[in-house]
Protein chains: 2
Amino acid sequence: MTRSEGSEDGIRLAVSTVILTMRRDGSAAPRIALPLVRRTRAPHAGDWALPGGWLDVREGLAAAAARTLAETTGLAPSYLEQLYAFGAVDRAPGRVISVVYWALLREDLVDQQLAERRSAGVEIENVEWFDASDLPTLAFDHARIVEYAAWRLRNKAGYSRVAQGFLPPEFTLADLREAYETILGRKLDPANFRRQVDATRTLIPTNAFRTGSHRPARLYRDATDVELADRGPLASDETRTS
Amino acid sequence: MTRSEGSEDGIRLAVSTVILTMRRDGSAAPRIALPLVRRTRAPHAGDWALPGGWLDVREGLAAAAARTLAETTGLAPSYLEQLYAFGAVDRAPGRVISVVYWALLREDLVDQQLAERRSAGVEIENVEWFDASDLPTLAFDHARIVEYAAWRLRNKAGYSRVAQGFLPPEFTLADLREAYETILGRKLDPANFRRQVDATRTLIPTNAFRTGSHRPARLYRDATDVELADRGPLASDETRTS
DNA sequence: ACAAAAGTGTTAGAAGTACACCCATGT
DNA sequence: ACATGGGTGTACTTCTAACACTTTTGT
């Protein structure tokens, strides 16, 4: 929001972020949830939109996405990747190009942050979390953008470890499997899942167990030296968000 | 180049394209080649750069890429996809965001076009084709961009049919295999390759054969109703380049 | 006849899938 | 003790890689 609007030729550059997390309501299957911002001004006043803002001249693209994310959720992403640059001529009045990022948040931190803010009486203005499968009317082409982000997440979950972005540093295999199941929308065989993940040699078993119900489950943590997804030559680019 | 330079806040938006084709020199293995433009002005005057220009207000992103491509090569791409939006603060003086596309060209049309132009005495100004594995000094962060495009091509060749973008509508399985081999940089087993491609059911055998050396090879053509690569919800977006 | 590419068959191993079964804990 | 999720074993199918072999042309 730091950027002054308008430019000589009328092309403006915005950065928006599709912020995804996993949410557990009671005992049912977890769902993908994302925060949206209610628009207070025309066009599309009253509709919900992706968090974002105008790009600041001195700010990198990923940094802008991370900043927006922090302003909206108070959190830092556990995964952040550029999604796509949307630039159809008619997508918004006055020619706006949106470079859109997508991010994953740890479910535990989201819950914690929401609880903290609620107890502190801080109501974040116009921000509300929605279930990804039950979205309100979105402004501009944002419905399409969210759809694409969800597709990318499902896709990427098939050949990378992005699902870990929903989890805290230590988690059980059941936690991880549940994350994958939520993303992919289908049940996975616990036995085969276990073998598949430890065939990748990216999880380190700890000596800690999660107790509480039935047989205790071993906690694992990530081999921190490996990225959650292979980005090829772009590997170093987006991690420097500042 | 239609866009007037400069804007209130100094952020300018360029569209560039990594144009890739396959080139056969004699009897050796084909190589990936791409056209570059020699810069005549500072910064980086004398260095080579990706074809591109400023985005016109009334022009879609993919359309701008296609236009640039046509101006540079006189051809229409057989495949065109957005690569990435590069926007590091220090990548160029004065904050330039480049939305970069990558495209594949049919090798036969490239050869034909080059021959036509050469025989007509039309020398395309400052445009030269380079071997992707032997590039000159590139301006800005363009070396990195080309590297990323090559990575994406190799990657995508593994799970889609993009390699067909190098070939004319009718081709032999050896042609197709050679395209894959050039992209992946390794030999493929002809027998297994054959089975794998016809397991996808996307190639239609014709009754024509290519003769000339040894046993004639059957010509195949593409099942035209399927895209070369699955782009999910973005499928329709980029095909409309105008 | 022979070289060389087109095209078919066969087999061994890897990877993915289904599911039976044992283990350890809270209630 | 028993229900339930944690964890192991095993058989089956599917995919992949390697390579021997037959077919069809040009020379």
Side-chain angles (χ1 to χ4, degrees), chain A residues 22 24 26-30 154-161 163-164 167-168 170-221 230, chain B residues 24 26-30 154-155 157-161 163 167 170-221 230:
Chain A
M22 199 168 64
R24 301 167 194 272
S27 58
R154 277 195 303 276
N155 227 253
K156 209 132 190 167
Y159 62 90
S160 78
R161 305 178 296 126
Q164 272 179 47
L167 303 179
E170 299 209 336
F171 48 85
T172 67
L173 287 179
D175 290 339
L176 185 58
R177 178 165 46 85
E178 193 175 41
Y180 275 97
E181 287 176 345
T182 304
I183 293 170
L184 299 174
R186 63 189 169 92
K187 290 288 175 191
L188 300 175
D189 183 308
N192 296 332
F193 181 79
R194 165 184 300 274
R195 276 182 290 253
Q196 278 161 19
V197 306
D198 71 34
T200 66
R201 312 305 248 102
T202 53
L203 286 195
I204 298 166
T206 69
N207 291 321
F209 288 79
R210 172 175 303 158
T211 178
S213 74
H214 313 300
R215 173 172 173 177
R218 185 182 292 275
L219 288 169
Y220 291 79
R221 62 186 164 78
D230 182 11
Chain B
R24 302 167 193 272
S27 59
R154 276 194 305 275
N155 226 253
Y159 61 90
S160 78
R161 305 178 296 124
L167 303 177
E170 299 210 336
F171 49 86
T172 67
L173 288 180
D175 290 339
L176 185 58
R177 179 166 47 85
E178 193 175 40
Y180 275 97
E181 288 176 344
T182 305
I183 293 170
L184 299 175
R186 61 189 170 92
K187 290 288 175 192
L188 299 175
D189 184 306
N192 296 331
F193 182 79
R194 165 183 301 273
R195 277 182 289 253
Q196 278 161 18
V197 307
D198 72 34
T200 66
R201 312 306 245 101
T202 53
L203 286 195
I204 299 167
T206 70
N207 292 321
F209 288 79
R210 173 175 305 161
T211 177
S213 74
H214 311 300
R215 175 171 172 177
R218 186 182 291 274
L219 289 169
Y220 291 79
R221 63 184 163 80
D230 182 11

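Numbers restart at 1 for each chain; the letters A, B, ... are given by sequence-line order, proteins then strands.
At whole-Å resolution of the value, NZ in B/Lys187 and C1' in D/dA17 are 17 Å apart. A/Leu173 places its CG atom 9 Å from the C1' atom of D/dG7, with the value rounded to the nearest Å. Rounded to whole Å, the distance from CZ on B/Arg194 to C1' on D/dC19 is 16 Å. For the pair A/Asp198 CG and C/dA15 P, the computed distance is 13 Å after rounding to whole Å. Taking atom CZ of residue A/Phe193 and atom P of nucleotide D/dT8, one finds them 15 Å apart after rounding to whole Å. Distance, B/Asn192 CG to C/dT8 P: 13 Å, rounded to whole Å. The interatomic distance linking A/Phe209 (CZ) with C/dG26 (P) rounds to 13 Å, in whole Å. Rounded to a whole Å, the CD atom of B/Gln196 is 11 Å from the P atom of D/dA18.
Heavy atoms only, all atoms of each residue included: B/Glu181 and B/Leu188 are closest at OE2-N, 2.9 Å. Closest approach of B/Ser160 to B/Tyr180, counting heavy atoms only: O-OH, 3.0 Å. Closest non-hydrogen pair, A/Leu184 versus A/Arg154, comes out as CD2-O, 3.7 Å. In plain terms, the two heavy atoms of B/Leu173 and B/Leu203 that are nearest each other are CD2-CD1, 4.0 Å.
Comparing A/Ser213 and B/Ser213, the nucleotide of DNA chain C nearest to each residue sits closer to the 5' end for B/Ser213. If you find the closest nucleotide of DNA chain D to B/Pro216 and to A/Asp189, the one lying nearer the 5' end belongs to A/Asp189.
When distances run from any side-chain atom of B/His214 to the nucleotides C/dA3, D/dG6, C/dA24, the shortest one goes to C/dA3. For B/Arg218, the side-chain atoms get nearest to C/dG7 when compared with the rest of C/dA18, D/dG7, C/dG7.
In this structure, B/Ala191 reaches the bases: a heavy-atom distance under 4.0 Å links it to at least one base atom across the strands shown. Residue contacts for A/Arg210: at a heavy-atom cut-off of 4.0 Å it reaches no nucleic acid atom on any strand shown. Counting any heavy atom pair closer than 4.0 Å across all strands shown, A/Arg195 reaches a base atom.
At least one side-chain heavy atom of B/Leu176 sits less than 4.5 Å from a side-chain heavy atom of B/Phe193.
The side chain of A/Arg215 contributes no N or O atom lying less than 4.0 Å from OP1 or OP2 of C/dC23. Applying the 4.0 Å criterion to OP1 and OP2 of C/dT25, one finds that A/Thr211 has every side-chain N and O outside that range.
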